[in-house]
Amino acid sequence: MRVLIVEDEAAVARKIASALTEAGHDPKAVHNGEAALDEVRKTPFDLIVLDIRLPGIDGFQVLQRLRKQHLASRVLLLTARGALDDRVTGLELGADDYLPKPFAMQELVARVHALGRRYPEEPVMSLRVGDLTLDLATHDVHRGAERIELSPRELMLLKVLMREPGRVFTRTELCERVWEHAHEYDTKLVEVFIGRLRKKIGDPPLIHTVRHVGYTIRSAD
Ligand code: CA
């Protein structure tokens with residue numbers, strides 16, 4: 001994959017670039033947001049590894065401008081550990097995944113691979129399970145013609161499930177993906193949010209409990 005690395009710490013950017021090169025990708029590194037926008041206007045990238053804290057225009061603004069120009073590169077955000085607001089904002093602005101800093105290089109390479117696998121061809125602009133749709137650009141959720149209003153956290157949870165229909169997620173996994181309670185897994189919270197989502201999505205049910213394992217979303221038909 002052609003990967004653009006946007007990271008102002010030159011040493012970190014170099015490390016990421018060499019790890020991705022070693023893993024068979026074709027990375028290019030820039031050190032600020034303006035340069036990143038210039039690059040993506042010149043040539044398309046499959047994936048952008050985007051640091052949030054940048055001098056000048058920050059990662060959020062870069063992301064916002066990319067999405068406004070309908071540039072469909074996948075975006076992996078590098079966030080500060082524990083900064084929950086950053087993750088929520090990032091995903092709301094259309095990031096595909098995030099990785100809290102500091103991270104192990106292996107973890108970054110694994111996330112990059114996963115993002116590549118998830119969308120083998122054209123980047124997906126909306127997710128669909130049966131008659132439930134989630135527009136990744138506008139975050140509108142519809143069941144059939146009916147619009148469903150979700151809170152940001154409910155939306156994140158639904159997005160995780162809808163990205164991989166049929167895959168069974170454990171409660172812990174969902175906690176990590178949506179809340180990232182690395183030290184205090186609160187699986188009860190997942191149950192509460194799954195309950196709310198089910199209620200809002202309505203019948204026939206799409207989110208199913210897999211006994212002793214977790215949850216999955218799949219079409220009723
Ligand atoms: Ca930075």
Asker: Could you walk me through whether L206 and M162 pass the side chain to side chain contact (heavy atoms under 4.5 Å, CB included) check?
Answerer: CA-CA 10 Å; L206 297 176; M162 286 183 78; over 6 Å; no
Asker: Would you say the side-chain atoms of R128 pair up with the backbone N or O of G130, donor to acceptor, closer than 3.5 Å?
Answerer: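 Judged by distance alone, yes, a pair lies under 3.5 Å.
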Asker: Working to the nearest 0.5 angstrom, can you tell me the gap between M156 CE and S151 OG?
Answerer: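 OG of S151 is found 10.0 Å from CE of M156.
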Asker: Could you check whether any side-chain heavy atom of V178 comes within less than 4.5 Å of a side-chain heavy atom of V190, counting everything from C-beta outward?
Answerer: no
Asker: Is a donor on one side and an acceptor on the other found under 3.5 Å between the side chain of R218 and the backbone of G166?
Answerer: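 No; judged by distance alone, with no hydrogens or angles, the pair does not exist.
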Asker: Can you tell me how far the NZ atom of K200 sits from the CG atom of L132, to the nearest 0.5 Å?
Answerer: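 Nearest 0.5 Å value for the NZ-CG distance: 13.0 Å.
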Asker: Are Q106 and V109 close enough, and set up right, to give a side chain to side chain contact (heavy atoms under 4.5 Å, CB included), and what steps lead you there?
Answerer: CA-CA 5 Å; Q106 273 169 309; V109 172; 5.8 Å; no
Asker: Among R163, K159, R74, whose salt bridge (Lys or Arg N to Asp or Glu O under 4.0 Å) with D96 holds?
Answerer: R163
Asker: Distance-only, no hydrogens or angles: does the H31 side chain make a donor-acceptor pair with backbone N or O of A10 under 3.5 Å?
Answerer: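 Not a single qualifying donor-acceptor pair exists.
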Asker: Could you give the side-chain donor-acceptor pairs of residues 12-22 under 3.5 Å, partners two or more places apart or in another chain?
Answerer:
from : atom 1 : to  : atom 2 : distance (Å)
S18  : OG     : K15 : O      : 3.3
T21  : OG1    : A17 : O      : 2.7

Asker: Could you check whether any side-chain heavy atom of T89 comes within less than 4.5 Å of a side-chain heavy atom of I52, counting everything from C-beta outward?
Answerer: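 Result no, sub-4.5 Å side-chain heavy-atom pair not found.
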Asker: Please name the pair of heavy atoms, one in I5 and one in P27, separated by the smallest distance, quoted to 0.1 Å.
Answerer: CD1-CB, 3.8 Å
Asker: Quick check for you: to the nearest 0.5 Å, what is the distance between L93 atom CG and K68 atom NZ?
Answerer: 10.0 Å
Asker: Taking E9 for its side chain and A11 for its backbone only, find out whether a donor-acceptor pair lies under 3.5 Å.
Answerer: no
Asker: Quick check: is L174 connected to V168 through a chain of hydrophobic side chains (ILVMFWY, heavy atoms under 4.5 Å apart)?
Answerer: no
Asker: Sorted by first residue and then second, give each side-chain hydrogen bond (donor to acceptor under 3.5 Å, both in side chains) pair with at least one member in residues 36-45; sequence neighbours left out.
Answerer: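 Matches after skipping sequence neighbours: R2-T43, D38-R41, E39-K42.
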Asker: Any idea which heavy atoms bring D51 and R53 closest together, and the distance?
Answerer: OD2-O, 2.9 Å
Asker: Would you say that Y215 contacts R171 through its side chain, given a criterion of any heavy-atom pair below 4.5 Å between the two side chains?
Answerer: yes
Asker: Kindly give the heavy-atom pair with the smallest separation between A36 and V62, and that separation in Å.
Answerer: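 So the two residues come closest at CB-CG1, 4.5 Å.
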Asker: Calculate, to the nearest 0.5 Å, the distance between atoms CG and CG belonging to L108 and L76 respectively.
Answerer: 6.0 Å
Asker: For a quick test of reading the model, state the closest non-hydrogen atom pair linking P152 to V88 and the distance between them.
Answerer: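 For P152 versus V88, the nearest heavy atoms are CB-CG1, 4.0 Å.
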Asker: Distance check, rounded to the nearest 0.5 Å: K28 atom NZ versus L4 atom CG?
Answerer: 8.0 Å
Asker: Same hydrophobic cluster for I194 and V210, using side-chain heavy-atom links shorter than 4.5 Å among ILVMFWY?
Answerer: no
Asker: Is any side-chain heavy atom of V141 less than 4.5 Å from a side-chain heavy atom of L134?
Answerer: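 Heavy-atom side-chain distance check passes, below 4.5 Å.
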Asker: Using side-chain heavy atoms (C-beta onward) and a distance below 4.5 Å, is L158 in contact with I201?
Answerer: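 Yes, side chains in contact.
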Asker: Measure the shortest side-chain to side-chain distance between L150 and L197 over non-hydrogen atoms and say whether it is less than 4.5 angstrom.
Answerer: yes
Asker: Begin from the C-alpha positions of F103 and M105 and carry the test side chain to side chain contact (heavy atoms under 4.5 Å, CB included) through to its verdict.
Answerer: CA-CA 6 Å; F103 50 83; M105 224 28 97; 4.0 Å; yes
Asker: Would you name the heavy atoms of H208 and R198 that are closest together and state the gap between them?
Answerer: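 Shortest heavy-atom contact: C-NH2, 3.5 Å.
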Asker: Any side-chain heavy-atom pair from P55 and D8 closer than 4.5 angstrom?
Answerer: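 Yes, at least one pair of side-chain atoms sits under 4.5 Å.
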Asker: When rounded to the nearest 0.5 angstrom, what is the spacing between CD1 in I207 and CG in L157?
Answerer: 6.5 Å
Asker: With a 4.5 Å cut-off on side-chain heavy atoms, are H113 and H25 touching?
Answerer: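 A side-chain contact under 4.5 Å exists here.
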Asker: Search all heavy atoms of A35 against all heavy atoms of V30 and return the closest pair with its distance.
Answerer: CB-CB, 3.9 Å
Asker: Between the main-chain N or O of Y98 and the side-chain N or O of R111, is there a donor-acceptor pair closer than 3.5 Å?
Answerer: yes
Asker: So, does R143 use its side chain to make a donor-acceptor pair with the main chain of G202 at under 3.5 Å?
Answerer: yes
Asker: Just do the side chain to side chain contact (heavy atoms under 4.5 Å, CB included) check on V3 and F45 with the steps written out, would you?
Answerer: CA-CA 6 Å; V3 183; F45 286 86; 5.7 Å; no
Asker: State plainly whether one hydrophobic cluster holds both I148 and I217, where clusters connect Ile, Leu, Val, Met, Phe, Trp and Tyr through side-chain heavy atoms under 4.5 angstrom apart.
Answerer: yes
